[in-house]
Amino acid sequence: MNFLMYYVLRKLFVRLEFKENKIILEKGIILRRKSVLPLKSVVRVTAERSPLLRIFAAKKITVYTVNGKITFYLYKNEPLPFLPEIRSVPLRPRFSAIMFGAFADTRALGGIALLAAFLRRLSRLFGGEYFDKLTAAISDTAETLTNALSALHIAVPKIAAVLAVFVLAAWSLAFAKKLMRLANLCAARHGNLLRVRSGVITLYEHTLVLNASAVTVSPLSAVLAKRAPVYLRGVMIFPSAPSDKAPKILRALCRLSTGNIPQIKPPRSSLFGFIAAPFWWAVGLSAALAFVYLTRQLREAMLLKTVLYCAFIVSLYAVVVCWIYMRRSGISVGETTVGVSLRSGLRLIAVTAPRETVVESALSQSVFQRGDGLCHVRLSTAERQRLTARHLVKSEIPRHTPFRLLGLPRPPIR
């Protein structure tokens with residue numbers, strides 16, 4: 001509907017003007033909505049060309065600011081006057097690196113939502129016949145898996161096997177979609193702009209302003225492989241940066257010079273502070289399992305025991321992940337950049353931010369931390385990021401204090 005109104009009938013519904021320092025966009029006929037976007041507030045421009053847009057020689061443009069975005073359609077060769085042409089030699093990673101980036105960026109929960117939406121749309125477009133065939137294929141695969149495990153004297157409820165096959169199929173679908181989106185990825189920098197192109201079926205072109213934080217998001221597999229994808233303003237700009245070459249890549253693509261900056265790390269004595277939540281979950285689930293085995297009525301409840309065992313294994317896995325991430329967490333402050341490594345869910349996030357983008361700093365200490373002399377250091381950036389380095393030794397902060405180096409007053413401990 002938007003494509004029909006704002007591209008095919010563009011002369012009736014849209015008025016778009018590019019002024020010297022702003023973009024003016026009006027949409028609608030009876031109820032018109034006017035947006036005025038100052039060019040100095042633009043942080044990202046994304047051009048998208050889906051198969052439908054390519055048939056009509058069109059492209060969808062989304063202009064992002066820190067506080068919002070506007071969307072409009074242009075002809076294929078219609079330029080954006082406020083964006084210069086970038087003729088630098090692009091950096092092209094290998095296909096194996098792109099596959100690794102797609103693998104590291106694929107999430108099982110997102111895949112489940114994608115597969116559920118796909119099944120729903122399939123049933124709407126082609127009726128329930130294809131939906132039934134697909135669900136029957138998942139059920140047959142689960143039954144085959146159950147029979148194979150039974151031959152190995154491993155008893156697994158069929159519902160658990162169905163869920164396992166469904167999650168695996170969902171993850172595979174999400175991985176394939178991510179791989180097609182990242183295929184042919186290349187990045188080229190020109191002055192204060194970085195242009196990233198990718199895609200096979202749908203083509204993407206992102207133009208990013210470089211006064212932003214570069215972020216590496218690493219699941220456990222990426223941490224163990226000592227490489228991770230690099231993001232800038234939510235866009236993957238390099239799919240697989242080795243840990244020893246990451247500073248060079250950040251300097252070449254993002255103009256961020258990290259150098260050999262010493263990092264303040266949490267001490268080993270703070271281990272329990274990192275693993276406390278999954279550890280107590282594991283304790284509670286082990287107690288629930290013991291209760292099930294001691295209760296005669298619940299002893300034969302295979303589904304309940306399977307769920308508890310799976311949750312217990314996940315909790316132990318989370319304990320190991322938190323322990324591994326603790327050794328890589330911390331904060332570092334250089335002359336031009338600030339680096340913070342922290343855990344988010346079951347992923348390790350490393351943020352490298354220009355020092356001038358840090359707008360707030362805070363130091364906090366709980367009642368339990370005072371006895372051990374530990375504290376949290378939190379930094380907020382202009383991009384609304386809140387970065388917290390947890391369980392650092394308070395006595396080490398004055399020697400490497402980020403507040404003095406950042407030119408910010410050191411706040412009182414709360």
Side-chain angles (χ1 to χ4, degrees), residues 1-10 14 16 25 42-64 68-80 83 85-86 90-122 124-126 130 169-188 193-209 217 229-240 253:
M1 186 64 180
N2 288 339
F3 175 72
L4 175 64
M5 292 176 59
Y6 301 140
Y7 179 73
V8 179
L9 304 176
R10 173 180 168 183
V14 180
L16 179 64
L25 176 66
V42 174
V43 296
R44 169 183 158 192
V45 179
T46 296
E48 179 181 342
R49 299 187 62 212
S50 65
L52 177 63
L53 294 176
R54 291 160 73 179
I55 291 174
F56 285 88
K59 58 184 176 182
K60 179 182 177 183
I61 305 296
T62 306
V63 181
Y64 294 84
K69 63 181 180 179
I70 60 172
T71 301
F72 50 89
Y73 293 87
L74 295 178
Y75 299 112
K76 172 186 174 182
N77 297 322
E78 190 173 357
L80 290 171
L83 289 182
E85 185 178 356
I86 297 179
L91 178 63
R92 298 180 182 274
R94 297 180 179 178
F95 182 73
S96 58
I98 294 176
M99 287 191 64
F100 183 88
F103 175 83
D105 195 54
T106 303
R107 294 168 175 81
L109 292 178
I112 292 174
L114 178 64
L115 181 57
F118 173 75
L119 293 176
R120 182 180 179 184
R121 181 164 294 186
L122 184 68
R124 283 186 175 184
L125 293 177
F126 302 102
Y130 290 93
W171 184 91
S172 302
L173 180 62
F175 172 75
K177 181 182 178 181
K178 185 69 65 174
L179 184 61
M180 286 188 293
R181 180 166 185 160
L182 293 178
N184 300 321
L185 187 146
C186 64
L193 297 178
L194 177 69
R195 185 158 295 166
V196 181
R197 291 189 175 99
S198 64
V200 174
I201 299 177
T202 300
L203 305 180
Y204 300 91
E205 181 179 283
H206 308 278
T207 304
L208 312 168
V209 180
V217 182
V230 183
Y231 300 82
L232 186 72
R233 299 195 183 277
V235 177
M236 185 184 295
I237 62 174
F238 198 83
S240 179
L253 295 181

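Starting from 1, each residue takes its place in the sequence as its number.
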Arg233 and Val209 have their tightest heavy-atom pair at NE-O, 3.0 Å

Side-chain heavy atoms of Thr202 within contact of Arg181, under 4.5 Å:
no

Looking at OG1 of Thr106 and CG of Leu179, how far apart are the two atoms once the value is rounded to the nearest 0.5 Å?
8.5 Å

Report the residues that fulfil side-chain hydrogen bond (donor to acceptor under 3.5 Å, both in side chains) with Arg197, sequence neighbours left out, ordered by chain and then residue number.
Glu205

Would Leu74 and Leu80 count as a side-chain contact (heavy atoms from CB on, under 4.5 Å) if you check the C-alpha gap in whole Å, the side-chain angles of each, and the deciding distance to 0.1 Å?
CA-CA 9 Å; Leu74 295 178; Leu80 290 171; 3.6 Å; yes

Using the side chain to side chain contact (heavy atoms under 4.5 Å, CB included) rule, pick out the option among Leu194, Val230, Leu208, Leu232 that qualifies with Leu253.
Leu194

Is the count of non-hydrogen atoms from other residues, nucleotides or ligands lying under 6.0 Å from Ile201 atom CD1 greater than 12?
no

Between atom NZ of Lys59 and atom CG of Asn77, what is the distance when rounded to the nearest 0.5 Å?
7.0 Å

What heavy-atom pair brings Pro93 and Pro239 nearest, and what distance separates the two atoms?
CG-CD, 3.6 Å

Taken in chain and number order and not counting sequence neighbours, the residues that satisfy side-chain hydrogen bond (donor to acceptor under 3.5 Å, both in side chains) with Thr46 are Arg44, His206

The reported gap from OG in Ser50 to CD1 in Ile55 (rounded to nearest 0.5 angstrom) is 8.5 Å

Would you say Lys178's side chain and Gly101's backbone share a donor-acceptor pair under 3.5 angstrom?
no

Mind checking whether Tyr204 and Val196 have side chains closer than 4.5 Å, heavy atoms only?
no

I need the minimum non-hydrogen distance between Pro90 and Ala188, along with the two atoms involved.
CA-CB, 3.9 Å

Give, for atom NZ of Lys76 and atom CZ of Arg54, the distance between the pair rounded to the nearest 0.5 Å.
8.5 Å

To the nearest 0.5 Å, what is the distance between CZ on Phe95 and CG on Leu182?
10.0 Å

What orientation do Phe100 and Phe103 show, parallel under 30°, tilted 30 to 60°, or perpendicular over 60°?
tilted

So Val217 and Asp105, do their side chains get closer than 4.5 Å, heavy atoms only?
no

CG/Leu83 to CD1/Ile61 distance, rounded to the nearest 0.5 angstrom?
8.5 Å

Minimal heavy-atom distance between Ile237 and Leu185, with the atoms involved, is O-CD2, 3.7 Å

